[in-house]
Amino acid sequence: MDLHDSTAYTRRDFLWTSLALASAAASVPAFVSNSARGMTLANGTLSSLAGVPQDRVLVVVQLGGGNDGLNTVIPFGEDEYYRRRPSLGIREAEVGRLSGRGTDGLGLHPALDPIRELYDDGLAGIVQGVGYPNPNRSHFKSMDIWHTADTSGTGEGWLGRYMDSQCCGFGKGESGTADSNAGGQADDASSPAIAIGREAPLAMQGREQKPVAFETPDLFRWTGEDIHSTLSDPYAQVTRQGVREDVAPESNAAFLMKTALDAQISSEQIRQAVARRPEVQYPRNGLGRDLAMIASMIKAGLPTRVYYASTGGYDTHAGQGGANGQHANLLRQFAQAMNAFQRDLKSQGNDSRVLTVTFSEFGRRVGQNASGGTDHGTAAPMFLFGPMVQPGIHSKHPSLKDLDNGDLKFNTDFRSVYATVLEDWLKADSREVLESRYRTLRLLKQA
């Protein structure tokens, strides 16, 4: 293929092909091969579409493994809870009491005291009984369902579709008409979403937009010179000097050079942002580290609209423990990290800009098992954090007596939570993004 032949491939196809080859040759930054179609952070614009709030940020936190919702938001006022969980049930005296309407007989696991502090300060909302019809108890399938917002678990991710819609207009440019560029992608599209982790989650994979993903800022850099010093100068010529004058502006070669330049600038921006000291002390756990990096990027003013962090270990089939033990440790790490994140954002003056939403792929069964743990179940609570959240308990706690073969019956479709976030926070058309209409909930304060 002639790199100067702009008709050989579309710009979109060429990016896939050229970056696959480039990553194998270690001639572009390592992260480009992981986020080949991520858009540049150097642009500085958040959206070309009118009416989209350009200063609002969404942070999604995934609790992987299937968090035990019944030992997270605890129905201590129901005898059935203790009957079905004789050793795992949290004693009433240890439960963190909640105040407000609909909280009678409900409280939080004692390890969640840092979350209860946010709740008491009006910075947390809890949506109970969240799930979907005909639940799937496979970790992988259920996670795919949550990530795609489709019970088939197929297609692009819901956040990826959002990024496509708001930043690329599903193949439309700024004027709302089809872009003249091959592939239909607007040149002034938003910066990519950022995931902290080895791989970007399916939720963030769109048709056009692809997220940036990295584990640590030390890995988020050009690594060719580590292989051999002679690779430094050729790479610098591409990324420091821009597109050569003798290269046609619309050619595939020019596109690859621009992509490498954008990648280098993005890498430097993110590493500089993460290097800043947080405003508060974070707990020394994985989620604390990840949220500290996200807070630093927000503080640095990166024009990223969506961040994603995940933490695992919630598949507590055995030795789960009650007020202490495995599950308590996981909840404590989550609560401490989230409390620090909110305090950091407030110290920055950015708390009103950032909505945080947490989820897990499913809950656990109502009754404990013979191994001192809980097996895969269905409905579980979601948490929302930030001063824009309507604080308190939302929806009713599922019945512990009216069960579906030993499982809780969900009363809130998770896609209604997504629709609310899209409509009321990100000001997006949830029907276009979710590809169906779901009712919105009163989870956020009205602006």
Side-chain angles (χ1 to χ4, degrees), residues 47 49 52-53 56-64 66-67 69 124-136 141-167 170 190 193-195 200-207 209 211 304-310 354-363 378-386 388-390 394-395 410-447:
S47 176
L49 302 183
V52 175
R56 292 186 177 183
V57 175
L58 172 66
V59 177
V60 177
V61 176
Q62 172 182 312
L63 308 179
N67 179 44
I126 303 171
V127 189
Q128 301 188 104
V130 184
Y132 55 89
N134 302 313
N136 191 297
K141 188 64 175 181
S142 188
M143 191 63 77
D144 285 349
I145 289 170
W146 278 81
H147 281 214
T148 60
D150 189 315
T151 53
S152 71
T154 59
E156 296 83 20
W158 74 282
L159 292 170
R161 292 198 300 271
Y162 159 71
M163 294 295 290
D164 282 347
S165 173
Q166 298 306 297
C167 307
F170 282 125
S190 163
I194 294 178
L202 173 59
M204 303 177 80
Q205 304 288 344
R207 290 198 299 269
Q209 289 263 335
T304 300
R305 190 173 293 132
V306 180
Y307 293 92
Y308 198 104
S310 60
V354 183
L355 168 66
T356 303
V357 178
T358 74
F359 80 98
S360 192
E361 67 265 35
F362 44 62
T378 52
M382 293 179 68
F383 289 83
L384 290 84
F385 300 99
M388 73 294 296
V389 171
Q390 196 69 258
H394 300 275
S395 187
F410 85 99
N411 53 35
T412 302
D413 194 305
F414 75 95
R415 291 162 293 189
S416 283
V417 180
Y418 288 179
T420 302
V421 170
L422 290 165
E423 297 276 352
D424 295 346
W425 183 243
L426 298 174
K427 300 301 180 183
D429 183 345
S430 65
R431 185 172 183 175
E432 182 179 46
V433 174
L434 301 178
E435 300 177 338
S436 188
R437 176 66 68 189
Y438 297 94
R439 70 182 183 95
T440 57
L441 310 171
R442 299 183 63 181
L443 303 179
L444 305 179
K445 299 173 183 175
Q446 297 300 311

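These figures come from a predicted structure and were not determined experimentally.
Of the possible polar contacts, none joining the Arg207 side chain to the Glu156 backbone as a donor-acceptor pair under 3.5 Å is found. Between the side chain of Thr440 and the backbone N or O of Thr420, no donor-acceptor pair lies under 3.5 Å. Side-chain atoms of Asp429 come within 3.5 Å of backbone N or O of Arg431 as a donor-acceptor pair. For Thr356 (side chain) and Phe385 (main-chain N/O), no donor-acceptor pair under 3.5 Å exists by modelled atom type. Arg161 contributes a side-chain N or O that, together with a main-chain N or O of Thr148, makes up a donor-acceptor pair within less than 3.5 Å.
Between atom OG of residue Ser310 and atom CG of residue Leu63 there is a gap of 9.5 Å, rounded to the nearest 0.5 Å. For the atom pair CG (Leu159) and OH (Tyr307), the distance works out to 14.0 Å, reported to the nearest 0.5 Å. Within the model, atoms CD1 of Ile126 and OG of Ser395 stand 12.0 Å from one another, a figure rounded to the nearest 0.5 Å. Here the CD atom belonging to Glu423 is positioned 11.5 Å from the CG atom belonging to Leu444, to the nearest 0.5 angstrom. Summarising the geometry, atom OG belonging to Ser416 is positioned 13.5 Å from atom NE2 belonging to His394; distances are rounded to the nearest 0.5 Å.
No side-chain donor-acceptor contact under 3.5 Å links His147 and Gln205.
Pro211 approaches Ala200 most closely through the heavy-atom pair CG-CB, 3.3 Å. Residues Pro133 and Arg415 come closest through the heavy atom pair CD-NH2, 3.7 Å. Taking both residues in full, the closest heavy atoms of Ala419 and Tyr438 are given as CB-O, 3.8 Å, listed atom of the first, atom of the second, then distance. Residues Val130 and Met382 approach most closely at CG1-SD, 3.6 Å, considering heavy atoms. In this structure, Lys141 and Asn136 approach most closely via the heavy-atom pair CG-ND2, 3.4 Å. The two atoms that bring Ala124 and Val389 nearest to each other are C-CG1, 4.0 Å, heavy atoms only.
Between Tyr162 and the options Met204, Gln209, Arg305, a side chain to side chain contact (heavy atoms under 4.5 Å, CB included) holds for only Arg305. Under the side chain to side chain contact (heavy atoms under 4.5 Å, CB included) rule, Val357 has a single partner from Val127, Leu443, Leu384, Val61, which is Leu384.
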Practice item. Run the numbers on Trp158 and Leu422 for side-chain contact (heavy atoms from CB on, under 4.5 Å), then give the verdict. Key: CA-CA 10 Å; Trp158 74 282; Leu422 290 165; 4.1 Å; yes
Practice item. Apply side-chain contact (heavy atoms from CB on, under 4.5 Å) to the pair Val306 and Met163, showing each step before the final yes or no. Key: CA-CA 9 Å; Val306 180; Met163 294 295 290; 4.2 Å; yes
Exercise for review: Determine, stepwise, if the pair Asn67 / Thr358 fulfils side-chain contact (heavy atoms from CB on, under 4.5 Å).
Suggested key: CA-CA 11 Å; Asn67 179 44; Thr358 74; over 6 Å; no
Exercise for review: Step by step, work out the side-chain contact (heavy atoms from CB on, under 4.5 Å) result for Thr412 and Leu441.
Suggested key: CA-CA 9 Å; Thr412 302; Leu441 310 171; 3.8 Å; yes
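In this pair, Phe414 and Trp146 present their aromatic rings parallel. The plane angle is below 30°, not in the 30 to 60° band.
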